[in-house]
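Everything on this sheet refers to the single structure shown next.
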Amino acid sequence: MDAALKSLGSTQPSALPADPTSAEVLSLVERCKHDDQAALRDLYGRFQRQVAAQLSYLVPRSDVEDALQEVFVEVFRSIRRFEGRSAFATWLYRVAVHVAMRHRRKAGKARAEVQVFDSPDPADEAAGPADSMLTRERLTRAEALLEKLAPKKRAVLVLHDMRGMDASRIAEMTGSNVLTVRTRLFYARREFELLAGADPALAEYFPPGKEARR
Amino acid sequence: MTRPVHLDEAEIERQALGAPAETAPEHLAGCALCKASVARARSRRALLGALPEVSLHEAAFRRVERNLFAPPPAPRWRWLIAPALGLAVAAAALAVFVRTPAVEPEAAPMALVPSVPEAAPPQASLASAAPQFVQGEVELQRADGSWGPLELERPLSEGAAIRTAEGRLAVMLEPGKGFVVEPNSSIELRRLRMGQTHLRLSSGAVYCSLGPLRAGESFAVEAGPRWVRVVGTAFAVTRWPTRVSVEVEHGTVSVADDERSPAGVLVRGPGELEIPDGADLGLLAARPLGPEQVGPLSGRPAWKLAAGQTPPLAVLSVTEPAGARVQVDELGWGPVPLSGKLPLGPHRVRSRIDGNEVDTTVVLKEGGGPLQVLLPRPAAVRRAAPVPDGSGRLATEITALIAGRTRDLRYCYEHWLKRNPTAAGTLEFRFRLSDDRAITSLDVVPAAGAAPPDETARRCFAQAVEGLSFPPGVPSELEVPFAFKPGQVADGPL
């Protein structure tokens with residue numbers, strides 16, 4: 001199933017960066033462990049974009065900046081615990097996922113994306129009847145519905161259905177077990193589909209139906 | 001009769017991902033429930049797979065970096081004056097006197113720094129000033145004495161008189177130098193020549209930002225009986241055995257690693273900074289301020305003066321909706337209309353109106369001409385009447401609770417409007433609540449004269465208020481009326 005998902009050509013960033021931990025990064029990490037401020041700054045500079053991309057959709061869009069800062073605060077605080085058993089980027093991703101799962105939305109942050117400029121609507125460029133669903137408004141609504149999910153459910157849905165991570169890898173990332181991941185994924189998918197079915201922009205693509213009795 | 005065995009989760013996902021038709025279970029062909037499950041899963045996959053990557057604005061990365069690495073503020077506990085110093089002279093230990101900020105200074109027996117010459121030769125050529133950003137109501141006095149709106153494209157010349165109502169004007173004199181005329185101000189460009197600027201401020205405020213002044217250059221603001229002049233910067237540099245200390249009396253200096261380095265630590269007077277040899281200046285700099293950045297003055301929102309911007313620039317105008325307050329990128333909030341010269345590329349425009357905040361991205365393109373953006377005015381959704389529960393405090397709490405869902409209700413209403421352009425009026429939301437005040441059911445009933453919501457709108461309204469939990473004391477049956485009224489929705493950029 002995961003290979004099939006990848007073949008859909010997801011636009012999401014790859015779950016893990018391709019580059020394994022280089023000697024240069026390891027050396028940088030060692031310096032960071034000794035509170036070398038310049039090294040910490042260098043570390044931030046190297047990985048800021050990657051972490052921001054990983055956080056996207058794991059936290060609401062308006063919270064990505066705050067979450068990015070929380071990730072690096074956590075990284076700087078716990079970098080001494082990195083022992084090199086996994087790639088540094090993997091460890092970093094794990095920190096990002098944990099921060100995302102416990103991130104609480106700040107009160108008062110409103111966000112409504114309204115694209116006013118006249119660039120072509122994705123649906124116009126797409127081929128096939130199914131792609132007429134992918135208008136900008138519907139994608140905006142899909143993002144809004146993702147934000148309604150509880151953080152742990154959202155994380156599992158994003159990591160699995162958007163980033164192609166399998167359940168065992170997600171379990172490792174989130175510090176839980178495969179059964180919990182599968183259960184969360186089941187409920188996350190159901191909840192997303194229910195929300196979409198009640199959304200006027202998306203309802204026609206999410207026909208109602210009782211849960212099938214098995 | 002045996003129950004049909006429906007598809008399990010894994011098979012639904014496999015079908016949703018486009019498994020070959022010939023491998024589809026026979027059951028699927030005849031089961032509407034499973035077909036619906038597959039359709040939902042397919043739509044979910046397609047939507048989630050099509051969500052674009054979210055990227056942060058560059059400014060956001062810099063903000064995070066600043067927050068992570070901000071140095072502690074330099075102590076401002078004393079400042080030293082070196083009487084023997086002129087400008088920009090490094091010295092060994094000097095005879096100085098020390099005073100604390102609480103002590104009133106004695107009158108200096110002589111000027112401690114050479115004064116900048118009052119005026120350049122009278123034949124200094126005329127200069128012009130370029131408006132960069134106009135927000136709200138800003139007027140320019142015409143030759144006949146009448147007032148008219150200031151045009152962004154026209155440079156200002158000597159003698160220009162400007163007044164702002166609830167508006168603001170940013171003007172660039174040259175890269176690195178400019179001023180912002182604050183709201184409710186009246187100002188005249190008394191002298192505008194190469195290297196000489198004299199503003200006469202009749203009322204209100206002007207915020208000035210200048211880079212280093214060249215020799216012979218002057219900048220002054222005449223405000224009533226007072227003159228405020230830029231006189232340069234006075235500072236002392238001391239080379240100790242293992243460190244350098246910089247004390248600034250007034251103005252700002254930059255401390256860098258070499259003569260030509262653009263990055264460095266800024267020290268503002270009065271203040272001091274001690275830097276041990278071998279220390280990394282990068283650790284001390286919060287962020288070096290380039291000429292394009294100005295800092296807040298007395299808590300005013302910072303306006304960036306577009307100094308040093310190289311073409312191409314384009315003009316962005318935001319003209320609707322009236323009554324909105326708008327922010328472009330990191331500039332301060334201000335009223336509509338707004339227009340400014342900005343570099344090509346994406347810019348964030350945020351607007352607030354009727355308690356609703358809208359984020360918009362506009363893209364200025366080369367050769368596209370001025371881009372006029374009409375921000376949509378949202379439909380009005382508001383609670384139509386006091387909540388009838390007999391308790392003022394409860395009514396306030398309920399109002400606050402429901403106000404948090406206004407945006408979602410508005411979304412439902414705007415879609416209902418698309419299906420039924422006559423949808424308007426008061427709808428009563430009749431809640432039934434459980435013992436712990438969660439919503440167990442909701443009826444949406446139109447008041448007299450109001451259009452009844454269709455099924456899609458009802459489901460959307462129910463979704464919009466889902467999860468609300470009312471405070472204790474609220475009756476188990478609660479009616480909250482909402483008034484829905486269409487707004488004026490813009491058609492898009494001209």
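All chains are named by letter (A, B, ...) in the order of the sequence lines, taking the proteins before the strands, and each is independently numbered beginning at 1.
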Mind running ring-ring contact (aromatic ring centres under 6.0 Å, His included) on B/Phe69 and A/Phe76 for me, showing each step along the way?
-> CA-CA 11 Å; B/Phe69 299 104; A/Phe76 295 161; 5.8 Å; yes
Contacting moiety of [X], where chain A heavy atoms sit under 4.5 Å:
{"X": "B/Arg419", "value": "side chain"}
{"X": "B/Lys418", "value": "side chain"}
{"X": "B/Ala32", "value": "neither"}

Tell me, do [X] and [Y] make a side-chain contact under 4.5 Å, heavy atoms counted?
{"X": "A/Tyr205", "Y": "B/Arg42", "value": "no"}
{"X": "A/Arg182", "Y": "B/Glu9", "value": "no"}
{"X": "B/Arg66", "Y": "A/Gln69", "value": "no"}

Might you point out which heavy atoms bring [X] and [Y] nearest each other, and give the distance in Å?
{"X": "A/Gly197", "Y": "B/Arg459", "result": "O-NH2, 2.6 Å"}
{"X": "B/Arg40", "Y": "A/Pro207", "result": "NH1-O, 2.9 Å"}
{"X": "A/Ala201", "Y": "B/His415", "result": "CB-CE1, 3.7 Å"}

For the pair A/Gln48 and B/Arg62, evaluate side chain to side chain contact (heavy atoms under 4.5 Å, CB included) and give the outcome as yes or no after the intermediate values.
-> CA-CA 10 Å; A/Gln48 60 184 340; B/Arg62 287 200 293 270; over 6 Å; no
Given that the side chain runs from C-beta out, which part of A/Ala198 has a heavy atom under 4.5 Å from chain B: side chain, backbone, both or neither?
->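 Both backbone and side chain of A/Ala198 come within 4.5 Å of chain B.
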Where does A/Leu195 contact chain B at under 4.5 Å (heavy atoms): side chain, backbone, both or neither?
->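 Both parts, backbone and side chain.
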What's the spacing between [X] [atom1] and [Y] [atom2] if we round to 0.5 Å?
{"X": "A/Asp199", "Y": "B/Asp408", "atom1": "CG", "atom2": "CG", "result": "9.5 Å"}
{"X": "B/Leu68", "Y": "A/Leu40", "atom1": "CG", "atom2": "CG", "result": "9.5 Å"}
{"X": "B/Leu51", "Y": "A/Tyr57", "atom1": "CG", "atom2": "OH", "result": "4.5 Å"}
{"X": "B/Glu466", "Y": "A/Leu194", "atom1": "CD", "atom2": "CG", "result": "8.5 Å"}
{"X": "A/Arg189", "Y": "B/Ser37", "atom1": "CZ", "atom2": "OG", "result": "12.0 Å"}

Taking atom [atom1] as the centre, does [X] end up with more than 12 heavy-atom neighbours from other residues, nucleotides or ligands that are less than 6.0 angstrom away?
{"X": "A/Tyr187", "atom1": "OH", "answer": "no"}
{"X": "A/Arg102", "atom1": "CZ", "answer": "yes"}
{"X": "A/Lys152", "atom1": "NZ", "answer": "no"}

Begin with the C-alpha distance, continue with both residues' side-chain angles, and end with the deciding distance and a verdict on side chain to side chain contact (heavy atoms under 4.5 Å, CB included) for A/Leu145 and B/Leu47.
-> CA-CA 11 Å; A/Leu145 297 185; B/Leu47 274 173; over 6 Å; no
